[in-house]
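Sharing a structure below in structure tokens format, with a few things to ask.
In what follows, every heavy atom counts, from backbone to side chain, and hydrogens, waters and symmetry copies are set aside. Note on naming: letters A, B, ... go to the chains in the order of the sequence lines (proteins, then strands), and numbering restarts at 1 for each one.
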Number of protein chains: 2
Amino acid sequence: MKRRPKDPAAEPLGDLHQHVGYMLRRAQLAVFADFIASQRGSVARPGQFSVLAVIGRNPGITQSQLCAALSVKRANLVAVIDRFEALDLARREASSSDRRANCLRLTSLGQRALQHALDAQDEHEARITRLLGSAGRRTLLKQLAALCELEGPGRAASSSPNTPESLRRESFAI
Amino acid sequence: MKRRPKDPAAEPLGDLHQHVGYMLRRAQLAVFADFIASQRGSVARPGQFSVLAVIGRNPGITQSQLCAALSVKRANLVAVIDRFEALDLARREASSSDRRANCLRLTSLGQRALQHALDAQDEHEARITRLLGSAGRRTLLKQLAALCELEGPGRAASSSPNTPESLRRESFAI
DNA sequence: TATTGTTATACTCTATAACTATA
DNA sequence: TATAGTTATAGAGTATAACAATA
């Protein structure tokens with residue numbers, strides 16, 4: 001039997017609420033908005049937060065490695081790191097083993113900025129837990145990880161660090 | 001007790017996998033990519049699919065109503081409808097009750113395009129169900145709907161159709 | 001030859017302000 | 001005054017191609 005809206009005018013979106021992609025997008029926007037609101041005056045934007053966090057956890061990581069981890073195009077990371085350097089949050093250092101590569105490190109200011117951002121993140125995440133419950137949140141994370149398995153061989157975290165560039169997948173999303 | 005990665009190099013993303021916002025974004029991109037791949041040669045892109053679907057279910061809906069339903073800025077819908085008219089998928093008709101408003105309807109070509117897109121959508125959604133299970137998918141949809149409740153008074157579907165424009169929230173996402 | 005970082009560039013999506021014609 | 005549709009414009013985010021230096 002088919003689902004049909006009883007009163008189309010009252011349900012203008014029709015079945016859209018049953019579409020995982022649509023709801024995923026709406027939820028992502030709501031969560032990002034809450035995240036941004038929680039990051040009062042901080043480095044704020046979600047993408048740059050991720051970059052800061054990964055540098056903080058992996059001091060000396062190169063730009064290419066960072067790009068592979070976060071699925072960011074090399075070309076698009078440049079301006080982000082430029083900005084971090086301009087704000088004295090991170091530094092590019094010459095690699096001792098490969099003179100092409102830049103090793104990235106947070107400055108002490110950058111470390112404090114990251115800690116501040118992580119604290120705000122905790123409150124943000126707590127608001128989510130309040131909405132979903134602790135078990136519900138864990139279930140959600142598992143399901144989201146499962147969904148990342150769509151797109152065949154591809155989400156960033158899986159491709160080994162020494163996959164040739166031609167086969168590596170950096171595409172999409174900061 | 002704190003979670004710390006045993007080998008930072010093996011887990012470059014650190015706790016990022018535990019961040020709902022981050023995983024939501026990754027999952028959304030994977031699902032959109034799968035959706036787009038499923039829409040072979042169609043009107044394809046997710047946002048325009050939603051517009052087409054809402055017009056199809058609500059013949060005669062005005063551009064403003066459509067914008068309110070999908071949380072799209074009025075200014076940003078114009079080019080989408082222009083394109084639909086150019087492709088002979090939809091038409092703007094003068095409203096009989098309000099000479100400012102445009103009523104939107106699908107052409108017969110547009111109805112066939114929508115049906116084709118919905119069929120492809122079904123396969124896409126079936127792939128998701130295969131990943132999550134039927135019950136898991138339903139659970140996910142509920143949790144995503146709950147997450148949309150973040151951002152206080154605001155997600156599109158809730159604001160009544162005759163909320164004054166000044167208070168209405170169209171922002172974010174097509 | 002292949003990779004690293006970089007520049008230049010383009011396209012999509014989203015946002016704001018301001019105009020017009022109606023209401 | 002306020003709303004509907006429109007124009008113009010600006011800012012993110014993401015994509016590709018090509019180059020110099022290095023591997």
Side-chain angles (χ1 to χ4, degrees), chain A residues 25-26 28-29 32-33 36 43-51 60-68 70-85 91-104 156 161-174, chain B residues 25-26 28-29 32-33 36 43-51 60-68 70-85 91-104 156 161-174:
Chain A
R25 177 68 173 151
R26 301 296 293 231
Q28 185 251 304
L29 288 167
F32 269 33
I36 290 167
V43 196
R45 312 233 13 110
Q48 306 187 354
F49 167 81
S50 301
V51 171
I61 193 174
T62 69
Q63 292 183 204
S64 277
Q65 290 169 339
L66 184 51
C67 286
L70 285 174
S71 295
V72 175
K73 298 279 177 191
R74 288 196 321 278
N76 293 330
L77 183 66
V78 176
V80 176
I81 305 297
D82 284 351
R83 181 168 169 269
F84 283 177
E85 284 201 314
R91 267 196 291 272
R92 287 184 245 237
E93 292 176 4
S95 163
S96 52
S97 57
D98 184 340
R99 289 197 313 202
R100 294 168 302 181
N102 290 336
C103 294
L104 305 172
N162 23 15
T163 307
E165 175 170 41
S166 41
L167 295 178
R168 221 180 280 163
R169 177 160 163 74
E170 304 177 31
S171 46
F172 277 141
I174 197 168
Chain B
R25 177 67 173 152
R26 301 296 293 231
Q28 184 250 303
L29 289 168
F32 269 33
I36 290 168
V43 197
R45 312 231 12 108
Q48 305 186 355
F49 167 81
S50 301
V51 171
I61 193 173
T62 69
Q63 293 183 204
S64 278
Q65 290 169 339
L66 182 52
C67 286
L70 285 174
S71 296
V72 174
K73 297 279 177 190
R74 287 194 324 275
N76 293 330
L77 183 65
V78 176
V80 176
I81 305 297
D82 284 351
R83 180 166 170 272
F84 283 177
E85 284 202 314
R91 268 196 291 271
R92 289 183 243 237
E93 291 176 4
S95 164
S96 52
S97 56
D98 183 340
R99 291 199 313 208
R100 295 168 301 180
N102 290 336
C103 295
L104 304 172
N162 22 16
T163 308
E165 174 170 43
S166 42
L167 295 177
R168 220 178 283 161
R169 178 160 162 74
E170 305 176 30
S171 45
F172 277 138
I174 197 165

Can you name the nearest heavy-atom pair linking B/V78 to B/Q63, along with the distance?
CG2-NE2, 4.5 Å
Within less than 4.0 Å of OP1 or OP2 of D/dA4, is there a side-chain N or O belonging to B/T62?
no
Can you tell me which nucleotide in D/dT6, C/dG5, D/dG13 comes closest to the side chain of A/R92?
C/dG5
Is the phosphate of D/dT3 approached by B/S64 (side-chain N or O, under 4.0 Å from OP1 or OP2)?
no
Distances under 3.5 Å only, N/O to N/O: pair up the protein atoms with those of nucleotides 18-22 of chain D.
none

Could you check if a side-chain atom of A/R91 sits within less than 4.5 angstrom of a side-chain atom of A/L104, using non-hydrogen atoms only?
no
Taken to the nearest whole Å, CD/A/Q28 to P/C/dC13 is 14 Å
State, yes or no, whether a side-chain contact exists between B/R45 and B/V80 at a heavy-atom distance under 4.5 Å.
no
Take atom CD of A/Q65 and atom C1' of C/dT4, then tell me their distance rounded to the nearest Å.
11 Å
Rounding to 0.5 Å, atoms CG (B/L77) and CG (B/D82) come to a distance of 9.0 Å
What is the distance from CG of B/N102 to C1' of C/dA21, rounded to the nearest Å?
12 Å
Is there a side-chain contact between A/L29 and B/Q28, using heavy atoms and a 4.5 Å cut-off?
no
Indicate yes or no: at least one non-hydrogen side-chain atom of B/V51 is less than 4.5 angstrom from one of B/F84.
yes
Nearest whole angstrom, please: distance from the P of C/dC13 to the CG of B/L29.
13 Å
Which value, rounded to the nearest 0.5 Å, describes the distance between A/L66 atom CG and A/C103 atom SG?
11.5 Å
When the distance from CG of B/L70 to P of C/dA15 is rounded to whole Å, what number comes out?
13 Å
What integer distance in Å separates A/I61:CD1 from C/dG5:P?
10 Å
From CD of B/Q63 across to P of C/dT22 the rounded distance in Å is 15 Å
Could you check B/T62 against B/R100 for side-chain contact (heavy atoms from CB on, under 4.5 Å), going step by step and ending with a plain yes or no?
CA-CA 10 Å; B/T62 69; B/R100 295 168 301 180; over 6 Å; no
Quickly work out the B/K73 NZ to C/dA17 C1' distance and round it to whole Å.
12 Å
Polar atom pairs between nucleotides 9-12 of chain D and protein, under 3.5 Å, N or O only, would you list them?
none

Do you know which two heavy atoms are closest between A/R26 and B/L70, and how far apart they sit?
NH1-O, 3.3 Å
